[in-house]
Number of protein chains: 2
Amino acid sequence: MSLRHAVLGLLSEGPASGYDLLKTFDVSLANVWPATQSQLYSELGKLAGAGLVDVVSEGPRGRKEYAITEEGLAELRRWVTEVEPTQVVRSDMLLRVFFLAQVSPEQARDYLRRRAEEAAKDLEHIESIREFVESGTDNLSVYGRLALEYGLRLAKSQKEWAEWAGGRIH
Amino acid sequence: MSLRHAVLGLLSEGPASGYDLLKTFDVSLANVWPATQSQLYSELGKLAGAGLVDVVSEGPRGRKEYAITEEGLAELRRWVTEVEPTQVVRSDMLLRVFFLAQVSPEQARDYLRRRAEEAAKDLEHIESIREFVESGTDNLSVYGRLALEYGLRLAKSQKEWAEWAGGRIH
DNA sequence: CATGCCATGTAAACAGTTACATGATTTA
DNA sequence: TAAATCATGTAACTGTTTACATGGCATG
């Protein structure tokens, strides 16, 4: 149930509406825990029902501002410190690698070359937003930089691996 | 719909029953595309209905052996060469990093230390099964080694990153 | 003849995606 | 006043997990 904790985490930085949160999801959490509008609004309803968040004000256009409760904050902390992160990661990129014997060596190399190019593009993209995020002083930016560095290293590894793997196909 | 293609991919190496496939999922694909028994049997039914696989023989204990059809093989090849892999990856491990400001610096460092230890354990585990997989000459083993190398590099990166990130928490 | 493994299937619950639906407020 | 943006919500579908259910066959 990480969506729930993602929402609690964002609200731990201050009150916000579903609409506000959605933008933060798209900007900060897009590559870590994406969420759709549909999911978000229903999760906020459930969190309010469970007493982990409160509606603290209602604005124009039916806007509802949510704030995390003490109980919600306690649950967030418990989740961060006591719940072991999931290990399972699905990768259809890697799944295809298992079946490369079913296509020609040219196609297999091409597949890996495209992965390397994609990783290079990701790398560039991360470098480009780095300076932007570098300036933020809020918690999300400070710790987001650690996550960004993870993405950077991951993209680098992926690029090098894809180049290496391409060279192994004869 | 990657489960479908994972099944087609395994069957491209030769006929097998649901039970056989399940073991292969647990051994070879556990860290790439895990599947449950429940999912597998229903997917086989759907694949047979779509003409991508056939039941080629029925054995004792209701055992049904499935084989990939020409149509299924064509679909597998199309998926490998023409369908772009999904980029979205969810990581509740990284999600927690964004919210480390909500716990004490000691707890935050501890969290990252545990990630480094976990990655070190993964690394060891991969090294240990490496020699085992090294011996296989079937397609799945040959290409599985490329995937294994990816896992190795990923675990290394993760370990180094977690150690680095832990050093940044004051 | 009991235990373990082989073998398949269904049902309910939960999580996530896509599409639909509606309407208020601001700004050019 | 038209277009963009703010803002929330529901419905249908797809994919995944967990639990339940059943029974055959081989081996000690």
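Computed from a predicted structure; not experimentally measured. All heavy atoms count here, side chains included; hydrogens, waters and symmetry mates do not.
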With heavy atoms of chain B within less than 4.0 Å as the criterion, where does contact along DNA chain C begin and end? C/dC6 to C/dT17
Could I get the full list of side-chain hydrogen bond (donor to acceptor under 3.5 Å, both in side chains) partners for B/Glu118, not counting sequence neighbours? B/Arg115
Hey, can you pull the residues of residues 6-35 of chain B with a non-hydrogen atom under 4.0 angstrom from DNA chain C? B/Ser17, B/Gly18, B/Tyr19
Quick one: does any side-chain atom of A/Arg130 pair with a main-chain N or O of A/Glu149 as donor and acceptor, under 3.5 Å? no
Check A/Thr69 against A/Gly51 and note the closest heavy-atom contact, atom names and distance. OG1-O, 2.8 Å
For A/Arg90 and D/dG15, is the shortest distance between a side-chain N/O and OP1 or OP2 below 4.0 Å? no
Mind listing the closest non-hydrogen atom pair of B/Pro85 and A/Tyr111 along with its distance? CG-OH, 3.5 Å
Would you check if the side chain of A/Ser135 reaches a backbone N or O of A/Phe132 as a donor-acceptor pair within less than 3.5 Å? yes
Is the side chain of B/Ser104 donor-acceptor paired with the backbone N or O of B/Gln107 at a distance under 3.5 Å, no angle test? yes
Any non-hydrogen side-chain atom of A/Leu11 less than 4.5 Å from a side-chain atom of A/Leu21? yes
Of residues 39-47 of chain A, the positions that come close to DNA chain D - non-hydrogen atoms, cut-off under 4.0 Å: A/Tyr41
In residues 54-62 of chain A, what residues come within less than 4.0 Å of DNA chain D, judged by heavy atoms? A/Arg61, A/Gly62
Short question: side chain of A/Thr81, backbone of A/Arg77 - any donor-acceptor pair under 3.5 Å? yes
Would a distance-only check, ignoring hydrogens and angles, find a side-chain to backbone donor-acceptor pair under 3.5 Å from A/Arg145 to A/Gly136? yes
Okay, side chain of B/Arg96, backbone of A/Val83: is any donor-acceptor separation there less than 3.5 Å? yes
Relative to A/Trp164, does B/Arg153 satisfy both conditions: NZ or CZ under 6.0 angstrom from the six-membered ring centre, and within 45 degrees of the ring's axis? yes
So, the side chain of A/Asn139 versus the backbone of B/Ala101: is there a donor-acceptor pair under 3.5 Å, distance only? no
Have a look at A/Arg4 and say if it touches a base, only the backbone sugar-phosphate, or nothing, with a 4.0 Å heavy-atom cut-off. nothing
Can you sort out the partners of B/Tyr150 under ring pair (Phe, Tyr, Trp, His ring centres under 6.0 Å), two or more places apart, ordered by chain and number? A/Trp161
In this structure, how many angstroms lie between the C1' atom of D/dT16 and the CE atom of B/Met1, rounded? 15 Å
